[in-house]
Each structure stands twice: as C-alpha cells, then as structure tokens.
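Data first, discussion second: the structure below is written as structure tokens.
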Amino acid sequence: MRLDHLWLTDFRNYTMAELAPDPDGLTVIRGTNGQGKTNLLEAVSYLATLESFRGAPREALVRRGSERAVVRAEASRDGRSLLLEAELPLNGRDRYLLNRQPLRRGRDLLGALRVSIFAPEDLHLVQAGPAGRRDLLDGALVALHPRNDALRSDLERVLRQRGALLRQCDGRLDTDAESTLDVWDSKLDELGSRWADLREEVTGSLGPLVSDYFAELTSAPAHLSLTYRRSWEGRLADALLASRREDVRRGVTTIGPHRDELDIQLAEMPARTHASQGEQRGVALALRLGVHSLVGTVVGSAPVLLLDDVFSELDPARSAALIRLLPPGQSLLTTAGPLPDGPVPALVVSVGAGEVRAA
Amino acid sequence: MSIYAGPVQDLIDELGRLPGVGPKSAQRIAFYLLKASKEDALRLSRSIVEVKDRISFCRRCFNVAEGETCSMCSDGRRDPSIVCVVEEPRDIVAVEKTGEYSGLYHVLQGAISPIEGIGPEQLRIRELLARIETESVTEVILCTNPNLEGEATAMYLARMLTPLGVKVTRIASGLPVGGDLEYADELTLGRALEGRRQVDV
C-alpha cells in the first residue's frame with residue numbers, strides 16, 4: 001500500500017495543493033500551528049475511510065467561499081496503480097471515482113487505500129471508557145478481514161433489535177415476548193460469541209507487539225499487558241438466559257460484547273487510573289503502532305501510517321526512538337517543532353500560507 | 001413549515017408518506033398532478049379507490065386477492081402439501097418466476113423487527129400455524145429474506161413449526177447463477193462456501 005501523489009482542490013484552507021510523499025519511507029510535514037499540516041493527513045484518510053478522522057462536519061472540509069472540495073490521490077497496491085477521487089459538495093452527497101469510473105456506493109472505494117492514524121486525541125483510548133478500546137479492536141478486526149465488517153454490523157443490529165424488544169416488554173415478560181427473545185438471544189449468542197472470540201484472538205496477537213513498542217517508546221521499565229475481559233462467563237447463550245429477568249427489568253442488554261473491556265495493565269495496575277499522563281500517551285501510541293504493524297504483517301501490505309503531531313506527546317529521546325522504530329512502509333508525520341536528532345526522514349516538506357513546499 | 005395552500009400541502013404530505021417518496025419527489029408529483037388534466041387525476045384516484053374496494057387479502061394465505069381467495073389458492077393444480085412462507089406478496093411473484101415451485105404460499109406481511117414495532121403477533125403467524133394443523137401440509141419452506149430480520153423470522157417459525165411434526169426447510173443462500181466469482185461480495189461467497197455440497201458423479 002503506497003500513496004504516490006495527493007492533490008487537493010478547495011479542501012480546508014487549501015485552494016490548490018499537492019504532495020508527493022516518499023514512496024516507502026518517512027515524510028515529515030513541518031509548519032507552525034494553524035497552517036494546515038493536519039489537513040493533509042485528514043485528506044488522505046478521507047479517501048481511506050470516507051470520513052474526517054477529526055469528526056469534522058462538511059462545512060469545515062470545504063474551503064470557505066467554495067462550493068465543493070476535491071481530494072484526489074494516486075496510490076499503488078500490489079504494484080497496481082489506482083486513482084482515487086472524492087468530490088465533496090457543500091450540499092448533497094459525495095461522489096467517488098476509482099480509476100475515473102464513478103462508483104455507485106462509497107463502500108466500493110474502501111480498501112483501495114488503507115491508513116492507520118495516530119492523533120493526539122487518541123489519549124482517550126487509555127483515559128476514557130471502554131467504548132474507544134473496543135473500537136480499536138473492532139477496527140483492527142475489520143482491517144484484518146473485510147468480512148468482519150458485515151459481522152460487526154449484523155451484531156450491532158441484533159443488539160438494537162433486542163434492545164427495542166426489551167423496551168417494548170416494559171418490565172414484563174409474557175410467553176410471546178419470551179419466544180421472540182429466544183430468537184434474538186440465539187442470534188446474539190452466535191454473533192456475539194464469535195465476535196468476542198475474534199476480539200480475544202486479536203488481543204492475544206496485539207499484546208506482545210504493543211508491549212514491545214511501549215517498552216521502546218518510554219524509559220519506564222514497567223511491563224504492559226493487554227487482556228480481553230468478557231462481561232459474562234461460560235456460554236453466552238446460558239449467560240443471556242440467566243440475565244434475562246434483569247435485562248427485561250432494566251430494558252437493556254446487560255451482557256454481551258458491547259459491555260466487554262480491553263484491560264490495559266501497567267506493572268499489574270490499570271493504566272487508566274495508575275499510569276502518568278506521559279505513560280498514557282506512550283500506551284496510546286503503542287496501541288496504534290501495534291495494530292498498524294499487525295495489519296501490515298497479516299495482510300501482507302502495510303497501511304499508510306499517519307502520525308499527527310506525535311512529537312508533542314514525547315520527549316526528544318522518545319521522539320528519536322519513534323523514528324527509529326517506525327515499522328517498514330510509508331509514513332507521514334506532522335510536527336510544529338524541530339526534528340529530533342537521529343535518523344533523518346526520507347523527505348521533509350513545509351506547509352505555510354496554504355502551500356506545500358519542499359523544505 | 002407549510003408554504004402552500006391547504007389542499008396542496010395536504011397532497012404533498014400524503015404523497016410523502018408513500019414508500020420511496022421523499023419530500024422533494026412528493027412536491028414534484030403534487031405539482032405534476034396540479035398541472036395534469038382533470039381526467040388523468042380522476043383516473044388515478046379511481047384506481048386507488050378501486051384497488052381498495054375490490055382487492056383484499058386472501059383469507060387463506062394473505063396474498064393479494066380479488067375476492068375471498070387468491071389465484072394461487074384457488075388453482076386446483078397446485079400441490080397443497082407444500083407451503084412456501086414469504087414476507088410480502090411481491091415475493092410470491094419472484095418465486096413464481098422461477099417456475100420451480102408449484103405448491104401453495106403463506107404471506108407473513110412483514111418480518112420480525114422490534115425496531116419497527118413488529119413482533120410475531122403483528123404477522124400472519126397464528127394463521128400459518130392454524131393452516132398446518134388443519135390442512136394436510138407435509139413441508140414448509142421458509143423463504144424469508146436472507147437478512148437479519150428474515151433469518152430471525154425463519155428461526156422463530158422453525159421453532160413454532162417443528163413441534164407440529166411438519167418438515168421445515170430453509171432456502172439456501174449462495175451465488176447468483178451466470179455470474180462471475182470475482183464480482184461476488186465476500187459475504188455471499190463466504191455463505192456459498194459454508195453451504196457447499198459434495199458433487200454427485
């Protein structure tokens with residue numbers, strides 16, 4: 001997976017801009033704050049995920065005073081060259097083209113370009129509730145196997161259907177509701193158990209990778225470990241039956257993969273409550289790098305790694321360590337500060353006044 | 001919200017309630033009707049009234065019917081020992097086009113979906129069970145959609161029907177005939193692999 005060339009028209013603060021990153025090494029994008037470094041990463045990831053990783057609304061993505069933004073990229077996958085284009089009108093639906101062919105569904109563009117993103121907000125992976133950590137595992141599973149995406153959306157739908165049924169029960173369970181609940185429980189058992197198994201498996205593969213990255217990125221000798229913790233014991237079907245009365249009373253599904261947790265332990269203490277802010281930053285970055293390198297190894301071609309403002313999270317020694325540790329493959333990194341000593345990036349560009357120039 | 005004179009807005013609102021018609025299309029159709037000749041508009045309104053007056057649902061299988069029973073149920077050449085259960089009357093048309101089926105049907109008029117407030121009691125399930133008990137049915141083919149709600153409905157029906165001693169089957173899911181493997185989506189192809197069969201020589 002390689003990004004060869006990126007062109008922007010009326011995207012964010014750029015009227016026209018282009019970027020040709022180094023094909024298989026590190027490209028550093030420098031510039032003072034507010035110049036649009038992150039916007040370049042956002043454009044790349046938009047083509048990969050069809051949404052802004054900053055959760056920005058449409059009006060923010062289209063340059064003020066313009067009707068539409070266009071993001072175009074040339075990428076290579078398995079030696080094949082692909083042209084990806086996204087047209088984002090201020091009003092109305094996006095248009096996507098792959099090799100100049102209009103695509104009927106946006107979904108058809110997914111997979112043409114794959115990225116891994118690390119942004120400063122990723123600190124919430126460690127500090128906030130379990131939802132973000134579950135999303136991290138789910139994202140890894142979908143990246144590892146596209147079929148998992150359908151499994152996940154089926155699971156979400158079963159949970160919504162079961163939740164709606166429980167609310168309709170209004171605290172009471174008659175035989176009719178009971179037999180309908182049986183059906184959804186059996187679906188939830190099938191899909192939920194499979195999903196939890198997959199998450200547990202991927203946690204097992206991620207553990208050593210994340211732990212290694214963390215050890216290298218922080219000077220702390222503390223050992224990092226990942227454990228997937230289910231919200232039930234034994235067979236999900238039995239557990240659902242056991243918690244049925246409670247579920248009906250509360251009108252929600254109280255156990256299942258949507259209540260599971262990815263435990264992150266640092267020196268055998270929960271990282272969420274016991275790690276320092278600096279350590280938590282290191283954990284978040286190690287998690288992202290772990291997923292990135294796992295996907296690269298399993299799928300055979302690594303996604304493009306996008307690191308937004310990552311040096312602000314690390315001291316100079318750790319910043320240098322990060323550059324040294326970058327997994328093989330193409331990476332794009334933004335920074336407002338000076339480059340750390342040590343390995344020299346393959347390409348440095350600077351961003352200012354709405355332009356991208358070779359530094 | 002309403003910017004048009006009362007009756008015009010009423011028409012737009014009514015049209016907007018139709019499936020697949022959004023606010024913009026509703027407005028377009030309303031203005032088309034305003035401009036159309038009176039005869040054209042009356043013909044449309046007459047066909048709507050007529051379909052509501054003359055067409056109802058078959059008392060036996062809940063297919064659309066002109067009269068008490070539908071054309072399938074009143075056709076004596078069809079095999080009454082097999083019943084194919086579908087979600088909507090239009091699914092009957094799809095099955096009929098195959099020319100592979102000559103049994104009877106039962107239309108559920110939907111699928112179990114709590115999100116939309118549809119449970120078993122909103123569907124024609126009680127009537128299906130009654131049919132199995134009173135008619136000499138030997139096989140029930142569950143022909144609901146291969147999506148989550150259709151699968152759940154099929155599973156529910158299987159649980160209700162099996163105790164009645166009738167053979168219950170589910171349509172297979174797999175690849176479209178005459179297609180190319182490379183164009184199959186991974187989910188369908190995965191299902192087709194799961195449901196593979198030994199080749200008889």
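Worth saying up front: this structure is predicted, and the values here are computed from it rather than measured.
Of the listed residues Arg162(A), Arg160(A), Arg167(A), the one with more heavy-atom pairs under 4.5 angstrom with chain B than any other is Arg160(A).
Close approach to chain A, defined as a heavy atom under 4.5 Å from one of its heavy atoms, is seen in Gly190(B), Glu194(B) of residues 189-200 of chain B, taken by number. The stretch residues 24-34 of chain B places none of its residues near chain A, where near means some heavy atom under 4.5 Å from a heavy atom of that chain. Interface with chain A: from residues 108-139 of chain B, residues Ile112(B), Ser113(B), Pro114(B), Ile115(B), Gly117(B), Pro120(B), Glu121(B) qualify, criterion being any non-hydrogen pair under 4.5 Å. For residues 154-171 of chain B, heavy-atom neighbours of chain A at less than 4.5 Å comprise Met155(B), Tyr156(B), Arg159(B), sorted by residue number.
No part of Asp149(A) comes within reach of chain B, as not one of its non-hydrogen atoms sits under 4.5 angstrom from that chain. For chain B, the nearby part of Gln168(A) is the side chain; its heavy atoms alone come within less than 4.5 Å.
Considering all non-hydrogen atoms of both residues, Asp154(A) and Leu148(B) come closest at O-CD2, 3.5 Å.
Heavy atoms from other residues, nucleotides or ligands lying under 6.0 Å from CZ of Arg259(A) number more than 12.
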